[in-house]
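Beneath this line is the structure, given in structure tokens, with notes to follow.
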Amino acid sequence: VKNTYEDVKIYENHLTDFLRIIQSERVYILKAYALGLIKGYPDRTFKHNNTATRAEAITIVERFLDAEKRVAPNSDVNVQFPPVPEEKPA
């Protein structure tokens, strides 16, 4: 799993409007992109000033909850994640 800015900075040029994104938010957007939670728009923009539509928000939540729906950047191959450990009751 990509955890640091160094791990995800290779995706900076995938979004043509990346440098317009507020600097403090860039790493989080790149992490979500690298994990396949978001893909951006077909014109390779992220449109950071737009409000997500209901459909876009639902898609992000579905990808968060179901790893099978995540898609690697610029690929049709699903992103593979290690299993999430079960929480143990306190």
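This structure is a prediction, so every number in the text was calculated from the model and none was measured.
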Nearest heavy-atom neighbours spanning [X] and [Y]:
X: Thr45; Y: Lys47; value: OG1-CE, 3.1 Å
X: Arg63; Y: Gly36; value: CD-O, 3.2 Å
X: Ala57; Y: Ala52; value: N-CB, 4.5 Å

Are Ile58 and Phe64 linked, directly or through intermediate hydrophobic residues, by side-chain heavy-atom contacts shorter than 4.5 Å (ILVMFWY only)?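 No, no single cluster joins them.
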If you measure from [atom1] on [X] to [atom2] on [Y], what distance do you get to the nearest 0.5 Å?
X: Leu35; Y: Leu30; atom1: CG; atom2: CG; answer: 10.5 Å
X: Phe46; Y: Thr16; atom1: CZ; atom2: OG1; answer: 12.0 Å
X: Tyr41; Y: Asp17; atom1: OH; atom2: CG; answer: 10.0 Å
X: Ile10; Y: His14; atom1: CD1; atom2: NE2; answer: 6.5 Å

Please examine the side chains of [Y] and [X], heavy atoms only from C-beta on, and report whether any two atoms are closer than 4.5 Å.
X: Glu68; Y: Glu62; answer: no
X: Ile29; Y: Leu15; answer: yes
X: Leu19; Y: Arg26; answer: yes
X: Asn13; Y: Phe18; answer: no

Does [X] use its side chain to pair, donor to acceptor, with the backbone of [Y] at less than 3.5 Å?
X: Arg70; Y: Leu37; value: no
X: Glu56; Y: Thr53; value: yes
X: His48; Y: Arg20; value: yes

